[in-house]
Amino acid sequence: MKKIKLQFILLLMSCLSYGQGNDNIFTRLQAISNNGVDFFNIDGIEITSQKIDALFTPKNISKKFKQLKIKENELLTGDSLLGFKNYYVFKFQEEPKGLHNNISYYFIESSDQKILGFTFASVNKTDKELERTFIRLVKDNLIPKSVYNDIQIDSIDFAGRKIPLGGSCHWMGINNVQCHYYGQMNWSVHKDYEDALKTVYNQFESIKSRNNGKIIADTIVNVTFEGTKTTAKRVIYDFTGVTSALVGMSGGKTLTIYFVAAPVRKNYVSCVMSFWNNDQINPSGLTPLLEQVMKLD
């Protein structure tokens with residue numbers, strides 16, 4: 001009897017630990033569902049999940065997920081640590097130099113005998129444990145509806161705080177919102193500060209490498225970000241003389257960009273915020289969208 005009780009206690013502790021781990025993931029995870037594809041963001045990693053009604057074979061995977069450009073002969077091995085049959089493909093591209101754009105592809109069979117395909121895109125890192133945990137959660141239908149955002153924006157969940165935005169904003173991607181003449185920001189929620197800091201550094205390096213303009217100012221400024229006093233990198237990017245769709249749509253000539261990483265509500269946030277010189281810049285020195293999360297000290 002004592003042995004049975006001990007086994008039950010150990011099982012209960014294991015279940016509680018697994019649940020707490022998932023809860024921690026869900027405080028960092030945000031999602032949007034669009035045209036049969038679920039898009040997620042966590043720890044600076046962009047994830048997609050898609051279910052296709054077809055038998056689980058390499059031929060069907062290559063054919064039905066043709067947008068991923070995965071060849072049938074690449075689907076030979078899987079990740080043995082997942083605990084069930086799967087196919088796994090890893091690819092990367094170094095562009096610009098020093099930034100490795102990594103993509104992990106997984107394909108598994110769903111409980112209703114369909115194909116579940118996943119992509120995990122990240123820069124200068126991979127997190128195999130997170131990938132495995134996430135795939136198991138989707139396979140077992142354990143992703144809560146609370147992490148999903150509506151396609152039509154009236155508010156956003158910013159690292160656990162609901163921010164009303166009205167009807168002038170739209171998604172540019174998961175955790176990437178743009179408001180007409182009010183600015184734009186993208187963010188991710190991380191489990192540690194170092195990861196958040198590396199994510200904004202990688203975004204800065206990516207912007208710096210572009211050849212459609214030039215950086216004319218690069219300074220460190222004191223800010224208060226979501227109630228935390230910290231510093232931000234402020235960059236002014238000049239598009240003068242540049243002809244592009246981006247410049248044409250905005251009508252602006254310079255883009256002011258803030259890069260910040262800071263602790264926010266028991267997690268850490270990486271955030272890149274920007275606005276054009278012809279946006280609505282308030283006396284605070286920021287546009288209305290940026291004022292929602294940051295102020296200049």
Side-chain angles (χ1 to χ4, degrees), residues 23-35 37-48 143-191 196 199-200 203 221-234 246 249-252 255-297:
D23 288 344
N24 186 254
I25 285 176
F26 299 147
T27 65
R28 309 194 314 273
L29 185 68
Q30 287 289 288
I32 293 175
S33 185
N34 190 27
N35 293 326
V37 182
D38 288 350
F39 300 86
F40 301 88
N41 182 290
I42 182 173
D43 297 343
I45 301 170
E46 300 283 347
I47 306 170
T48 69
I143 303 293
K145 295 296 183 184
S146 59
V147 306
Y148 283 85
N149 297 273
D150 292 333
I151 289 292
Q152 300 298 323
I153 302 178
D154 61 357
S155 65
I156 57 173
D157 180 340
F158 190 81
R161 181 171 72 93
K162 186 175 182 179
I163 301 177
L165 295 180
S168 65
C169 304
H170 60 277
W171 295 113
M172 300 296 289
I174 181 65
N175 283 12
N176 188 340
V177 63
Q178 183 182 67
C179 302
H180 191 54
Y181 289 114
Y182 285 3
Q184 180 175 347
M185 67 181 185
N186 71 77
W187 72 96
S188 193
V189 186
H190 305 253
K191 58 185 174 183
T199 297
V200 292
Q203 290 196 58
V221 296
N222 295 318
V223 301
T224 299
F225 182 79
E226 283 293 276
T228 297
K229 288 189 176 296
T230 184
T231 59
K233 176 185 280 289
R234 179 170 60 196
L246 177 65
M249 286 187 295
S250 71
L255 189 67
T256 299
I257 312 169
Y258 288 89
F259 303 83
V260 63
V264 177
R265 290 178 284 280
K266 299 183 179 180
N267 285 308
Y268 298 87
V269 169
S270 62
C271 189
V272 178
M273 299 157 280
S274 63
F275 57 85
W276 292 95
N277 62 292
N278 62 339
D279 283 345
Q280 180 185 318
I281 304 171
N282 291 337
S284 67
L286 301 173
T287 57
L289 176 63
L290 276 62
E291 286 180 331
Q292 294 291 329
V293 299
M294 187 178 75
K295 69 176 183 178
L296 302 176
D297 293 341

Visitor: Short question: side chain of N267, backbone of V264 - any donor-acceptor pair under 3.5 Å?
Guide: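 It does not hold such a pair.
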Visitor: If I compare all heavy atoms of D43 with all of H190, which pair ends up nearest, and what's the gap?
Guide: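 Looking at all heavy atoms of both residues, the closest pair is OD1-CA, 3.2 Å.
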Visitor: Measuring only between side-chain heavy atoms, which start at C-beta, is N277 closer than 4.5 Å to T256?
Guide: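 Heavy-atom side-chain distance check fails, nothing below 4.5 Å.
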Visitor: Report the distance from atom CZ of F225 to atom NZ of K295, rounding to the nearest 0.5 Å.
Guide: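 It is 14.0 Å, given to the nearest 0.5 Å.
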Visitor: Might you point out which heavy atoms bring V189 and N41 nearest each other, and give the distance in Å?
Guide: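 Scanning both residues completely, I find the closest heavy atoms to be N-OD1, 4.5 Å.
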Visitor: Does the side chain of Y258 come within less than 4.5 Å of V260's, by heavy atoms?
Guide: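 Side chain of V260 against side chain of Y258, heavy atoms only: no contact under 4.5 Å found.
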Visitor: Just how far is it from atom CD1 of I45 to atom OG1 of T199, taken to the nearest 0.5 Å?
Guide: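 Between atom CD1 of I45 and atom OG1 of T199 there are 8.5 Å.
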Visitor: What distance separates R234 CZ from S274 OG, expressed to the nearest 0.5 Å?
Guide: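 One finds 14.0 Å between CZ of R234 and OG of S274.
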Visitor: What do the steps show when you test K229 against T224 for side chain to side chain contact (heavy atoms under 4.5 Å, CB included), and what is the final call?
Guide: CA-CA 4 Å; K229 288 189 176 296; T224 299; 3.5 Å; yes
Visitor: Treating D154 as the side-chain partner and G166 as the backbone partner, does any N or O pair qualify as donor plus acceptor under 3.5 Å?
Guide: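 Side chain of D154 to backbone of G166, a donor-acceptor pair under 3.5 Å: no, none is there.
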Visitor: Can you find a pair of side-chain heavy atoms, one from Y148 and one from S33, that are under 4.5 Å apart?
Guide: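 With C-beta onward as the side chain, the pair touches.
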Visitor: Mind checking whether L29 and I143 have side chains closer than 4.5 Å, heavy atoms only?
Guide: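 They are in contact (side-chain heavy atoms under 4.5 Å apart), so the answer is yes.
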Visitor: Between V177 and M172, is any pair of side-chain heavy atoms under 4.5 Å apart?
Guide: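 The answer is no; the side chains never approach within 4.5 Å.
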Visitor: Is it the case that the side chain of N175 and the backbone of W187 share a donor-acceptor pair, with hydrogens and angles ignored and the cut-off at 3.5 Å?
Guide: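 Checked: pair present.
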Visitor: As an exercise, state the distance from CD1 of I32 to OG1 of T48, rounded to the nearest 0.5 Å.
Guide: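 With rounding to 0.5 Å, CD1 (I32) is 13.5 Å from OG1 (T48).
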Visitor: Can you confirm whether Y182 is buried at OH, in the sense that more than 12 heavy atoms of other residues, nucleotides or ligands lie under 6.0 Å from that atom?
Guide: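 No, the 6.0 Å shell around OH holds no more than 12 heavy atoms from other groups.
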Visitor: Just how far is it from atom NZ of K191 to atom CD1 of I25, taken to the nearest 0.5 Å?
Guide: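 That separation rounds to 8.0 Å.
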Visitor: Looking at every non-hydrogen atom in both residues, tell me the closest pair between I42 and S188 and how far apart they are.
Guide: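 Nearest heavy atoms, I42 then S188: C-OG, 3.8 Å.
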Visitor: Which atom pair, heavy atoms only, marks the closest approach of W171 to I151?
Guide: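 For W171 and I151, the tightest heavy-atom pair comes out as CD1-O, 3.2 Å.
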Visitor: Do the side chains of F275 and L286 get nearer than 4.5 Å, heavy atoms only?
Guide: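 When only atoms from C-beta onward are counted, F275 and L286 do touch, with a gap below 4.5 Å.
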Visitor: Can you see which heavy atom on D279 is nearest to which on G183, and at what distance?
Guide: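 Residues D279 and G183, closest heavy atoms: OD2-N, 4.0 Å.
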Visitor: Donor-acceptor check, side chain of D150 to backbone of I153, threshold 3.5 angstrom: yes or no?
Guide: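 A pair under 3.5 Å: no.
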Visitor: Show your reasoning for whether side chain to side chain contact (heavy atoms under 4.5 Å, CB included) applies to F158 and M185.
Guide: CA-CA 11 Å; F158 190 81; M185 67 181 185; 3.9 Å; yes
Visitor: Please assess T27 against R265 for the test side chain to side chain contact (heavy atoms under 4.5 Å, CB included), listing each intermediate value before the final yes or no.
Guide: CA-CA 10 Å; T27 65; R265 290 178 284 280; over 6 Å; no
Visitor: Do Q184 and N176 come close enough that some side-chain heavy atom pair is under 4.5 Å?
Guide: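 Result yes, sub-4.5 Å side-chain heavy-atom pair found.
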Visitor: Looking at V200 and C271, what are the two nearest heavy atoms and their distance?
Guide: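 Between these two residues, the closest heavy atoms are CG1-N, 3.7 Å.
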Visitor: In the structure I gave you, are the side-chain heavy atoms of Q280 and T287 within less than 4.5 Å of one another anywhere?
Guide: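 SC-SC contact between Q280 and T287 ruled out.
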Visitor: Roughly how far, to the nearest 0.5 Å, is CG of L289 from CE of M294?
Guide: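 Here the interatomic distance stands at 10.5 Å.
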Visitor: List the steps, then state whether side chain to side chain contact (heavy atoms under 4.5 Å, CB included) holds for Q203 with I257.
Guide: CA-CA 11 Å; Q203 290 196 58; I257 312 169; over 6 Å; no
